[in-house]
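Everything below concerns the one structure shown next.
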Number of protein chains: 2
Amino acid sequence: MTPTPRGNLIIGQSGGATAVINASLVGVVEAALEDKRVDGIYGMLHGIEGLLKEDIIDLRQQPASLWPQLRHTPSAALGSCRYKLQDNDLEHVIEIFRRYNIRYMLYIGGNDSADTAHRLSKAAHQSNYDLSIISVPKTIDNDLPHTDHCPGYGSAARFLALATMDSTMNTISIPWHYPVKVIETMGRDAGWLTVASALGKRDEIDPPHIILTPEHPFSADRFLTQVEEIYRRIGYVIIVAAETIRDEKGQALGTVGQVGTDAFQHPLLSGAAQNLVELVKQHLKLRARFDKPGDLQRMASTCISVTDQQEAYLVGQMGTLAALSGESDKMVTLVRHDQPSYHCTTDLIDLTEIANVQRLLPAEYLDESKTMVTQSFYEYALPLIGEPLPQYKRLETTRLTKR
Amino acid sequence: MTPTPRGNLIIGQSGGATAVINASLVGVVEAALEDKRVDGIYGMLHGIEGLLKEDIIDLRQQPASLWPQLRHTPSAALGSCRYKLQDNDLEHVIEIFRRYNIRYMLYIGGNDSADTAHRLSKAAHQSNYDLSIISVPKTIDNDLPHTDHCPGYGSAARFLALATMDSTMNTISIPWHYPVKVIETMGRDAGWLTVASALGKRDEIDPPHIILTPEHPFSADRFLTQVEEIYRRIGYVIIVAAETIRDEKGQALGTVGQVGTDAFQHPLLSGAAQNLVELVKQHLKLRARFDKPGDLQRMASTCISVTDQQEAYLVGQMGTLAALSGESDKMVTLVRHDQPSYHCTTDLIDLTEIANVQRLLPAEYLDESKTMVTQSFYEYALPLIGEPLPQYKRLETTRLTKR
């Protein structure tokens, strides 16, 4: 391990924001503030995109009272970006680092950000510039490999579990008013968020009744048969569907509202839930509607998982310590322990193992129908969402004897 | 005032559910449990629609521990209905009341439910059947006249204020990713919910930037001009639109997804936000998307306003006391006092003043643009949403001197 010379540290946030990504930022900053090996502590505004414009701020100049408050503020306080670093940007970044004597870089982000960090790390090495780059994991999509889970997921999962419970409470107040409801989730190619909607489900009648993940091709016939069967049996049907579900030919259901692709060629979609609603209305003649919580999945301040927030802080803190001890080209991972009770420690993994790799939902978390979770998913995910979910009370509904 | 003979009391819940409608139920029940003038305490399942089928339960048989817990459970624990009482149902209901010796009826609902209660009251009088009927107000739409506000509104307003703040936190992390966002709200013909989205706004740059209420005809030209101007000035635009907005010809923007009408001939719509997004994409070539929180507006358990929940309990409790003291054909109202600090007492108003009357958003709560609220709206609404909204922290973003 090359000893890294004393120098300045810079932090950036990248990709889709989460409700706890600022906890990671504060973890990075507070660890740096406490460590004598760091000189300047800088922030790049809007990630690598802002760095290229030298939009750099001095985090030592922020009031000390800010950090504990920012820890509980959702979204990326530094601003984020979805910029794909061009090959000719690499040298430019290293040249900026030289000028500002930046020797440590912490980059909080997901798969794409890990790719950015890895390429920068290689470029620094080739330019013979001594630089420690550590990725700090973050994504509501939970699709990073080699980490038990990703900070941001626990809070988004908590939101979706509660949203599914709460929205269904409205449906069951008059089941025949709108017997079919679709709740649309994010998640890119992975069904992690979609299945989180089941975390409040305690028995078969509880929502959701059908979960549609991006990993499994959508069949309209199978879907309609299933909706009809559940409707006949319990009188209403709650469906949770990823916005990215595709049919057997690979056609995205959401392409009705397709609005282009982002810089990483991920298609930007809207419309899967609307399409499912139309299918149900046309073929089953049932009234149907949809909820599309959209960006609330990322950001709902009222659904932050305390566990998730603590872990987000931890990976930030450990990222700084790793960078300062000379580690580079690595991402911090969460290592889970279930004894004596659930807790996480951290480790490091090479960025080559992470960059642009997606961890999809494992087969063991869905049952044979592929539209419902298994017990092992609950064991995996329940500890991540923090406090137990509420158990709503019901009246005992034995009818009076008729008079 | 006719002294009402001792008899049984029945409670029903009607119309769209809210996050606090069970607090009213518990208010009704606990007041009845404490009063010696009441014999049986019954609940009708699914309101008047269940009553006609004699789906009646005995609320004295519920475990005592249930009531404090149910007070915090969103939605209508008795089940609700949207059934318009037919003329030939009236005698049937009175006949059922005779058989079960029901002398007090509490009906928790909005305008349509007040109409139901009023017609039943008249029918009882014509049949010479001694019956006290009291309506207990409830609606997230806040459109009942003669009450300062409606239980259910404060919690839905809190949800929308927080949802607008939180969702915008995502937009500003990368404003250029999706610079235009539309958040679609409920509210029927009234803009009360739509304007509640502004309750977290502290300065001009804060969201929302454009509020589209059902009271004011939508003009695509004016809208696009406004979106473009705000986009140029601050780089992103947050629009909050009622699902029921109509153009100058009275055509609903949401008719793309129109799914019919309900029993009271209110059109059932979906699609206003989607249409606004398409307008922006086609005419301004800006990336736009929408959040449609849907039933979460009614039900979000994490956004319940403590004030709203307490007031919902109060109107239930006072409804029972009014019925037991022989009042009938009336609705409980909330009377606001701002000295020494905000609090509400209750009064009664004749149902003829309420039934089928809608209170739209007063002109004084919108400024000249008709797309932004005035200070007087904050004074009206802020006390209703309970605890102060969070104030999110921002970094000081003075750039480093370039090196």
Side-chain angles (χ1 to χ4, degrees), chain A residues 17 42-43 45-46 54-58 61-62 66 69-70 73-82 99-100 162-163 166-167 169-174 177 259-260 270 274 281 287 289-296 298-303 390 392-400 402-403, chain B residues 17 42-43 45-46 54-58 61-62 66 69-70 73-82 99-100 162-163 166-167 169-174 177 259-260 270 274 281 287 289-296 298-303 390 392-400 402-403:
Chain A
Y42 301 153
L45 298 180
H46 296 291
E54 296 177 48
D55 279 340
I56 301 170
I57 64 173
D58 184 350
Q61 297 304 312
Q62 307 289 329
L66 175 75
Q69 295 174 307
L70 203 61
T73 296
S75 190
L78 284 170
S80 188
C81 71
R82 288 176 183 268
R99 268 194 282 128
Y100 289 82
L162 279 165
D166 287 350
S167 186
M169 289 300 276
N170 190 55
T171 300
I172 62 176
S173 73
I174 322 178
H177 186 47
V259 292
S270 81
Q274 179 82 60
K281 278 154 54 178
R287 296 214 318 194
R289 64 179 169 187
F290 69 96
D291 296 344
K292 180 180 158 70
D295 287 334
L296 287 180
R298 302 188 169 283
M299 284 297 132
S301 57
T302 59
C303 296
Y392 292 142
K393 294 300 161 188
R394 292 187 187 186
L395 290 166
E396 161 54 48
T397 57
T398 309
R399 271 44 161 198
L400 281 190
K402 297 217 171 168
R403 296 182 189 172
Chain B
Y42 302 152
L45 298 180
H46 296 292
E54 297 178 46
D55 280 340
I56 302 171
I57 63 171
D58 185 350
Q61 297 304 314
Q62 307 290 329
L66 175 75
Q69 295 174 307
L70 203 61
T73 295
S75 190
L78 283 169
S80 188
C81 72
R82 288 176 184 267
R99 268 194 283 129
Y100 289 82
L162 279 165
D166 287 350
S167 186
M169 290 300 278
N170 190 55
T171 301
I172 62 177
S173 73
I174 321 179
H177 187 48
V259 291
S270 82
Q274 179 83 60
K281 277 154 54 178
R287 294 212 321 190
R289 63 178 170 187
F290 69 97
D291 295 346
K292 180 179 159 69
D295 287 335
L296 286 180
R298 302 189 168 283
M299 285 297 132
S301 57
T302 58
C303 296
Y392 293 140
K393 295 298 160 188
R394 293 187 186 186
L395 290 166
E396 161 54 48
T397 56
T398 310
R399 270 46 162 197
L400 282 189
K402 296 216 171 169
R403 296 183 190 172

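Note: hydrogens, waters and symmetry copies are ignored here, and every other heavy atom, side chains too, is used. Just so you know, these numbers come straight off a predicted model, no measurement behind them. Order of the sequence lines fixes the chain letters, A, B, ..., with proteins taken first and strands second; residue numbering starts at 1 for each chain.
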Specify which of [options] makes the most heavy-atom pairs with chain A at under 4.5 Å.
| options | value |
| --- | --- |
| B:P390, B:C303, B:A17, B:A76 | B:A17 |
| B:G79, B:P74, B:A77 | B:P74 |
| B:Q62, B:R99, B:M169 | B:Q62 |

ask   = Tell me, side chain or backbone of B:I56 under 4.5 Å from chain A's heavy atoms, or both, or neither?
value = both
key: Audit row: B:S75, A:Y392, side chain to side chain contact (heavy atoms under 4.5 Å, CB included) steps and yes/no   = CA-CA 10 Å; B:S75 190; A:Y392 292 142; over 6 Å; no
query = Between A:H46, A:Q61, A:R394, which shows the greatest number of heavy-atom pairs under 4.5 Å with chain B?
reply = A:H46
inquiry  = As an exercise: rank A:T302, A:L400, A:T397 by heavy-atom pairs under 4.5 Å with chain B and give me the winner.
reply    = A:L400
ask   = Is any NZ, NE, NH1 or NH2 atom of the basic residue among B:D55 and A:R399 found under 4.0 Å from an Asp or Glu carboxylate oxygen of the other?
value =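 A salt bridge links B:D55 with A:R399.
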Electrostatic pair B:R289-A:D295, nearest N-O below 4.0 angstrom =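 Looking at B:R289 and A:D295, the cut-off is met.
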query = Between B:D166 and A:L296, is there a donor-acceptor pair closer than 3.5 Å when you use the side chain of the first and the backbone of the second?
reply =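 Looks like no, no N/O pair under 3.5 Å.
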query = Counting N and O atoms only, with roles assigned by atom type, does the side chain of B:H177 sit under 3.5 Å from a partner on the main chain of A:S80, one being a donor and the other an acceptor?
reply =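 Flag not set: sc B:H177 to bb A:S80 has no pair under 3.5 Å.
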message = Could you walk me through whether B:I57 and A:L395 satisfy the side chain to side chain contact (heavy atoms under 4.5 Å, CB included) test, starting with their C-alpha distance in whole Å, then the side-chain angles of each, then the deciding distance to 0.1 Å, before giving a yes or no?
response = CA-CA 9 Å; B:I57 63 171; A:L395 290 166; 4.2 Å; yes
key: Heavy-atom contact with chain B under 4.5 Å, split by part of A:I172   = backbone
ask   = Is there side-chain contact between A:L162 and B:S301, with heavy atoms separated by less than 4.5 Å?
value =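 SC-SC contact between A:L162 and B:S301 confirmed.
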From B:L70 atom CG to A:K393 atom NZ, the distance as rounded to the nearest 0.5 Å =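 Rounded to the nearest 0.5 Å, the CG-NZ separation comes to 9.5 Å.
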request  = Return the minimal non-hydrogen interatomic distance between B:K292 and A:F290, and the atom names on each side.
outcome  =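 What the structure gives for the nearest pair is CE-O, 3.1 Å.
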